[in-house]
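Reviewing the structure listed below.
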Amino acid sequence: MLDLKFIRENPGAVQHATEVKGVKLDLGELLRLDRELVALKQRVEAMQTERNANAKLVPKATPEDRPHLIQKGKDLAEELRGLEPQLRAHEDQLRQLLLRVPNIPHPSVPVGKDDTENVELRREGQLPQFSFPPLDHVELLERQGWADPERVARVSGSRSYLLKGDAVLLEMAVLMFAMDFLRGRGLTPLSTTALVRPETFVGSGHFPGGEDQVYKIEGDELMLAGTAEVPVNSLYAGEQLQGEQLPLAFAAISAAFRSEAGSAGRDVRGLIRVHEFRKVEQYVMTHADEAEALRWFGVILENAEALLRALELPYRVVQNCTGDMGAGKVLMYDIETWVPSENLYRETHSCSYLGDWQARRTGLRYRDEAGKLVYAHTLNNTGIAAPRILVPLLENHQQADGTIRVPQALRPYLGGRDVLGVPVRETAEA
RNA sequence: GGGGGGUUGGCCGAGUGGUUGAAGGCAACGGUCUUGAAAACCGUAGUAGGGCAACCUACCGGGGGUUCGAAUCCCUCACCCCUCGCCA
């Protein structure tokens, strides 16, 4: 959400943002509604003033005057009752439109219509050189007896997954390593529930618009979040923090649920795109200072990159173009990790800066040095998402015999083991 | 799941249906005093919207209602606390 005053004063910038981001919004309608609302409010307030003044006279009035004053009050109340629903309807309408107003992209963001126009910033790490035809992760898991796709599909349908044996330990090791690592970099560990109220999605900016991506709990008005960003963003909702309490930086681990409506048929095989997964999310609330926030953007981006380097995975950093970045975002970089079997990079991380757009929706404010209440700025980035990260991890570290080399950084979380699995392939003769 | 008690300004806490936007205290800010600080004393001070000023309006967990008038009465929802039961 943007400041209504800002929208009034900068309609051109807002209009431009809706266009380059491909947001459907009638800004003219919003501005018209705003003007009407102000006029209507002034009418109602004038009547309220009169009603209040009149009500104050009643107790002091003489018995003769009293009935007249009360009658006048009744008339005013009657008239107000007619206008108030109108006022409320207007307010609701305006709010609905306001919730759809996109944030203004940072000047550095390339204009583009969708992910095909994202810009690669750099590539890091060496692509693996295999002396044998590498297997894809599904093949590796099956040969090692680490998965059971048919059975789990019978139990939980498509886009479910099941890990077995050492793959379980590997998944847990990756999550634990990420938590430890981020804690070491100063983030506060958090373990949150994915079960949240619908308002939290409005706060994060996923609603309105993303309703069909979210699972609802029957009979309860709770829903399942697709990322810890949702609960953590609402953690301080409506509070008035002290300036010194910021920045707040969390490494939040939670389950994540996504209905994947609209991606039917895409990535149905394997661990890339599943309905339920586990994720460590970096979430930061800073002062309302773009320079400070952008420093944090660099920090959480670097954290994610350092994690991938520690996992010895090649990746590239991509800057998302306007059409691919989401309404609330000022700046967004994706990190994509190399997947040998597909011979391409796949998104494993997404780093975003939202200015005060999210905080404004959530009511996340703090008192600055001057004593003024201001909205905080928020950022988030993936820390690690499992099982998706297991795809590049297994594939990049597979060895000729089908075993998996464990990167140095993960060994402490796997009892010191440097290889997982048993030989399941003929090794080529030298 | 049953029963009981709560939710007031940054925090604590009072509040009889009628100048209560809300006593009092703490914290905060400005000032006096002091070499400096503390203490003491005086003063300022909620949030949001509208008038680009005096000022007006709304807000005492959310929503609805009663009333000329609601923080105060009624309904409803949410949350918190206590208690009994159940349960991992």
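Side chains included, hydrogens not; waters and symmetry mates left out as well; all remaining heavy atoms used. Convention: sequence-line order gives letters A, B, ...; per-chain numbering from 1.
The environment of NE2 in A:H16 is sparse: at most 12 heavy-atom neighbours from other residues, nucleotides or ligands sit within 6.0 Å. Applying the 6.0 Å contact sphere to CE of A:M172 captures no more than 12 heavy atoms from other residues, nucleotides or ligands. Crowding of A:K372 atom NZ: a count of heavy atoms from other residues, nucleotides or ligands under 6.0 Å not exceeding 12.
Using atom C1' as the reference point in both B:G61 and B:A78, the two lie 8 Å apart (nearest Å).
A:Y366 and A:H287 have perpendicular rings, their planes meeting at more than 60° on a 0 to 90° scale where under 30° would count as parallel.
Annotation: salt bridge (Lys or Arg N to Asp or Glu O under 4.0 Å) contacts of A:E342 (sequence neighbours excluded): A:R346. Among residues two or more places apart in sequence or in another chain, the side chain to side chain contact (heavy atoms under 4.5 Å, CB included) test is passed with A:A13 by A:N10, A:I104.
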Using atom names, set out every protein N or O paired with an N or O of nucleotides 74-78 of chain B below 3.5 Å, distance rounded to 0.1 Å.
residue : atom : partner : partner atom : Å
B:A78   : O3'  : A:R197  : NH2          : 3.0
B:A78   : O2'  : A:R197  : NH2          : 3.3

Output one line per pair: protein atom, nucleotide atom from nucleotides 63-65 of chain B, and distance, for all N/O pairs under 3.5 Å.
residue : atom : partner : partner atom : Å
B:G64   : OP1  : A:R88   : NH1          : 2.6

Each nucleotide N or O in nucleotides 17-22 of chain B that has a protein N or O under 3.5 Å away: list the pair and distance.
residue : atom : partner : partner atom : Å
B:G18   : N2   : A:A55   : O            : 2.9

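Rounding to the nearest 0.5 Å places CG of A:N103 at 11.5 Å from NZ of A:K329.
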message: For nucleotides 47-56 of chain B, give me one character per nucleotide, 5' to 3': B if any protein heavy atom sits under 4.0 Å from the base, S if the only such contacts are to the sugar-phosphate, - if neither.
response: SSBSS----B

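Between the CG atom of A:D65 and the P atom of B:C68 there is a distance of 17 Å, rounded to whole Å.
With the nearest nucleotide of RNA chain B identified for both A:R81 and A:A77, A:R81 has the one nearer the 5' end.
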